[in-house]
**Student:** 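To start, I am sharing the structure in question, which I have written as structure tokens.
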Amino acid sequence: MKAVEANVDFELDVAGYGDFACACPRVRFHGMLSAENLRKLYATCDIGVIPMNDDSGVGLPNKIFDYAAAGLGIVSSLSGESAAILKKYGCGTTYNPGDVASLTAATHLSAFLKSDGVLMPIAPSSLR
């Protein structure tokens, strides 16, 4: 949320469970979505973010594959197997958890990647 509040180029759509409080108008909470509505939401996005800590016990979240199937560039704060897959297939990058500058840089880089690692012809200002 801090990265979105600090950077006017970002908008954030959050789907799923969670107790979030944010007054930033560029953050939208959708709650739980059906698979169809989630695919529709992904179609409006440039990147998928996985903001998890390594100590969460999840090494390879399903979101990586969901985002890749949707053709999104991926930004993850997980190291290990997740980071290795993003690097191997050129479909995303990682950032340091809790570091707004690191997340911002990773988000700009991943916005130019498709799930096949090919650069997309978009500008950072289109991250909305």
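Remember, predicted model here, so these are calculated numbers, not experimental data.
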**Student:** Just by modelled atom types, is the V49 backbone N or O under 3.5 Å from a matching donor or acceptor in the Y67 side chain?
**Tutor:**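 Answer holds: yes.
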
**Student:** Can you pull out every salt bridge (charged side-chain N to carboxylate O under 4.0 Å, His left out) where at least one residue sits in residues 31-44? Sequence neighbours excluded, please.
**Tutor:**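 Counting only pairs at least two positions apart or across chains, the salt bridge (charged side-chain N to carboxylate O under 4.0 Å, His left out) contacts touching residues 31-44 are E36-K40.
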
**Student:** side-chain hydrogen bond (donor to acceptor under 3.5 Å, both in side chains) with N37: which residues, sequence neighbours excluded?
**Tutor:**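 side-chain hydrogen bond (donor to acceptor under 3.5 Å, both in side chains) check on N37 returns S34.
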
**Student:** Is the shortest heavy-atom distance from the side chain of I47 to the side chain of I74 under 4.5 Å?
**Tutor:**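 No. Closest side-chain heavy atoms not under 4.5 Å.
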
**Student:** In chain order, what residues pass the side-chain hydrogen bond (donor to acceptor under 3.5 Å, both in side chains) check against D13, with sequence neighbours excluded?
**Tutor:**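 Checked D13 against side-chain hydrogen bond (donor to acceptor under 3.5 Å, both in side chains); matches are R28, H30.
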
**Student:** Compare all side-chain heavy atoms of Y95 with those of T104 and state whether any distance is below 4.5 angstrom.
**Tutor:**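 Contact flag for Y95/T104 side chains = no.
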
**Student:** With rounding to the nearest 0.5 Å, note down the distance linking CD1 in I85 to CZ in F65.
**Tutor:**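 The CZ atom of F65 is 4.5 Å from CD1 of I85, to the nearest 0.5 Å.
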
**Student:** Return the set of residues passing side-chain contact (heavy atoms from CB on, under 4.5 Å) with P97 (not counting sequence neighbours), or none when no residue passes.
**Tutor:**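 Only N53, S77 meet the side-chain contact (heavy atoms from CB on, under 4.5 Å) criterion with P97.
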
**Student:** Please report the shortest heavy-atom distance between N96 and S102, naming the atom on each side.
**Tutor:**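 That would be N-OG, 2.8 Å.
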
**Student:** Supply the atom-to-atom distance K63 NZ to L72 CG, rounded to the nearest 0.5 angstrom.
**Tutor:**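 It comes to 12.5 Å.
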
**Student:** Specify the closest pair of heavy atoms between T94 and A106, including all atoms of both residues, with the distance to one decimal.
**Tutor:**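 Smallest interatomic distance, heavy atoms only, reads O-CB, 3.7 Å.
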
**Student:** Using side-chain contact (heavy atoms from CB on, under 4.5 Å) as the criterion, list what pairs up with K87, not counting sequence neighbours.
**Tutor:**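 Counting only residues at least two positions away or on another chain, K87 forms no side-chain contact (heavy atoms from CB on, under 4.5 Å).
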
**Student:** With sequence neighbours excluded, what pairs up with S56 under the side-chain hydrogen bond (donor to acceptor under 3.5 Å, both in side chains) test?
**Tutor:**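 Counting only residues at least two positions away or on another chain, S56 forms no side-chain hydrogen bond (donor to acceptor under 3.5 Å, both in side chains).
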
**Student:** Do I50 and S82 have side chains that get closer than 4.5 Å, going by heavy atoms?
**Tutor:**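 In short, these two side chains do not touch, never coming nearer than 4.5 Å.
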
